[in-house]
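Below: one structure, written as structure tokens.
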Amino acid sequence: MTDPITSAKDGDVLVITSNNPPVNALSNAVRQGIARAVEAGLTDDTVKAMVIACEGRTFFAGADITEFGKPMQEPSLPVLVDAIEASEKPIVAAIHGTALGGGCEIALACHYRIAAPSAKLGLPEVKLGILPGAGGTQRLPRVAGVEFALELATKGDPVTAGKAKDAGLVDRLAGDDLIADAVAYAREVADARPLPRASEGTVTVEPGVFDAFRKTNAKRFRGYDAPAEIISVIEETASLPYAEGVQRERNGFMKLIMGVQSAAQRHIFFAERKASKIDDVPEDTQLRPIRKVGVIGAGTMGGGISMNFLSAGIPVTIVEMQQEALDRGTGTIRKNYEATAAKGRMKPEQVEGAMGLLTPTLKMEDLADCDLVIEAVYEEMGVKKSIFGKLDTICKQGAILASNTSYLDVNEIAASTSRPQDVLGMHFFSPANVMKLLEVVRGDATAPDVLATVMDLAKKIRKVAVVAGVCHGFIGNRMLMPRQVEAMKLLHEGATPEQVDRVHVEFGMPMGPFQMSDLAGVDIGWHRDPNRIENIRDALAAEGRWGQKKSAGFYDYDEKRTPSNSPRVAEIIEEFRQKTGTPQHEVTEEEIIERTLYTMVNEGALILEEGKAQRASDIDVVWIYGYGWPPYRGGPMFWADTVGLKTIVAGLEKHGFPVAKLLRDKAEKGERFN
Ligand code: T1G
């Protein structure tokens, strides 16, 4: 294997360059190469200073995550960064792309940092359930202050080079030629002494800064181990010398990396990237060009879907039946963009740029030259089939025809055209311009290049796409159904909405089944017959308790939509129990978990058995990005592995549920889903 590290002298400056595609991960070979090169520079008398830089799209994007859990080869990253900082000759970090995690820590160990203006710097370790383990928790507070360090390390989002410079993390911004500017900088400081070593700095602590930070971010960090540990490490070591501080950092790092949360979050890191791969479609499949998109329906979904393409610079033609609905839809899109601009997350010219790419029309014929058309009208098969039949006559050959249906049969929709190979589902989640998940529903006839094109397009519109097969509710909604059904039955048998929801919220979900039903609308899917009361949901709907939109559902809501337990709902539940004579029992937390989450896992196993999902990790990605499953539990299938499949099977059998063959087989063989 070629050494990913090369070094070359530019006069009396040694330029050490890493070339370890795709992201210059700090693998064993990279660390060993840097250590060797720095040593060579130190022992070469003609070298007065050094520069560390990277080739390719980015500076070091951190430790090599694929090496986690494997035997560590020396030098470890902590040893390497200390060696860099201890250098008697100045070392300048030349940063481009994303200096993340261990990459940012390498930069912090260098004596000087220069960055391309487009560069970003960050400590995303917390998103992997760990903490910066190569001195980042010690050097960053000394260089850029406690507040900045807390923000960067506990939230994991990178900052621009400009912001990093303002905070003192970066010393200079480069011009067009980063390496040339870095070499000039190194030459400029070649004789500067003493060298600035971040670890020798001191940490200034404002009274109460840590408790205030904990309080401000309590909701955001709820359930996660890593953010709390990071705050404690920075707090407990603020007055300690570096050598003692890094020991506390190391202990914290080891504790977290051995934990199930980090395993779960690392699982999701790779699962998200694997999801974009289509097992039976070659990676070099020729993609169809998508230069113009059509959207049918300017309602909530149609508007949100359009914004994804407009924000990615792709022109959209949006169709509605009535002028009033069209104006309302395009008005909402503008309002959403202006709201984003008002929060400083978009410039006014960007708002105009996006709106300038939008063409509203009442004529479906205006979609003739679109490369992709997405239908987003209400869920009625007849309406969908007539729209696709019409699109079949209007759209140019090679256009991709997609339905945003959230559960209808995509094969049946495709069959209403003469080109089912060009048809698939693109199931966005509401609000479609915000939610990252996109279920790409592969029909029986969907052509490989159509699927590959849409999976690639998903990245361009910043979605996490997962391939789903055609079945009722695809992956996410199909698994949601047994949860909702069991939650309802638990109400019949003795539980309260608050009890069931509390168990789910404590588990880490953003909300429970009944809070979710109130948000989405208790009347969704209701048969609209107030005299037909087959379950408690029917009873609520019959009384007009349709959820938050009616300030009454499973909970009562005040004008701020704050939920409170409802005496009327308690009455309705009691009346239903009396009327149906449902045997009552004391419902435990364990039973709620077994009946509402184990059944989801079982449904996930059926989905895998039927080939409606490519892999178990895809199911995990669906639930993380579409339904708010807590990343520190890795998704339902990963979580099931942590619980133990034998336990899941036993829990299902205890309540008389049929167990999916795949689940039973894996349990018997002691296997895992992931
Ligand atoms: N290690 C190994 N592989 C990595 C990697 C890493 N750090 N980062 C990316 N990859 C792979 C990824 O799996 C994919 O592979 C390919 O590179 C392209 O990535 C002590 C211990 C840099 C912003 O958390 O955030 O340092 O799918 O598709 O969208 O404190 O990758 O092609 O086979 O994501 O352009 C901290 C993780 C590590 C950064 C680029 N660092 N990476 O995004 O490409 S912990 C991170 C990213 C640490 C120290 C600790 C992103 C990116 P494949 P991609 P992208």
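For ligands, and for the atoms within them, numbers begin at 1 and follow the listed sequence. It should be emphasised that the depicted structure is a prediction, and the values quoted were computed from it without experimental measurement.
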Go ahead and list the nitrogen or oxygen contacts between ligand 1 and the protein that come in under 3.5 Å, distances to 0.1 Å, or just say none.
from: ligand 1; atom 1: 1 (N); to: Ala63; atom 2: O; distance (Å): 3.4
from: ligand 1; atom 1: 1 (N); to: Ile65; atom 2: N; distance (Å): 2.9
from: ligand 1; atom 1: 7 (N); to: Ala63; atom 2: O; distance (Å): 2.9
from: ligand 1; atom 1: 26 (O); to: Ala63; atom 2: N; distance (Å): 2.8
from: ligand 1; atom 1: 26 (O); to: Gly102; atom 2: N; distance (Å): 2.8
from: ligand 1; atom 1: 27 (O); to: Lys277; atom 2: NZ; distance (Å): 3.3
from: ligand 1; atom 1: 30 (O); to: Glu105; atom 2: OE1; distance (Å): 2.6
from: ligand 1; atom 1: 30 (O); to: Glu125; atom 2: OE2; distance (Å): 2.6
from: ligand 1; atom 1: 30 (O); to: Gly133; atom 2: N; distance (Å): 3.0
from: ligand 1; atom 1: 34 (O); to: Arg273; atom 2: NE; distance (Å): 2.7
from: ligand 1; atom 1: 34 (O); to: Arg273; atom 2: NH2; distance (Å): 3.1
from: ligand 1; atom 1: 41 (N); to: Ala61; atom 2: O; distance (Å): 2.9
from: ligand 1; atom 1: 44 (O); to: Arg57; atom 2: NH2; distance (Å): 3.4

- Message: If only side-chain N and O atoms count, and only distance matters, is there a donor-acceptor pair under 3.5 Å linking Glu249 with Gln138?
- Response: no
- Message: Does Arg172 qualify as a cation-pi partner of Tyr185, given the criterion of NZ or CZ under 6.0 Å from the six-membered ring centre and within 45 degrees of its axis?
- Response: yes
- Going by atom types alone, do Tyr242 and Asp82 pair a side-chain donor with an acceptor below 3.5 Å? yes
- Message: I'd like to check the side-chain hydrogen bond (donor to acceptor under 3.5 Å, both in side chains) partners of His111; sequence neighbours left out, ordered by chain and number.
- Response: none
- Query: Just wondering, do Val79 and Glu74 contact through their side chains at under 4.5 Å, heavy atoms?
  - Reply: yes
- Phe269 six-ring face occupied by Arg273 cation (under 6.0 Å, within 45°): yes
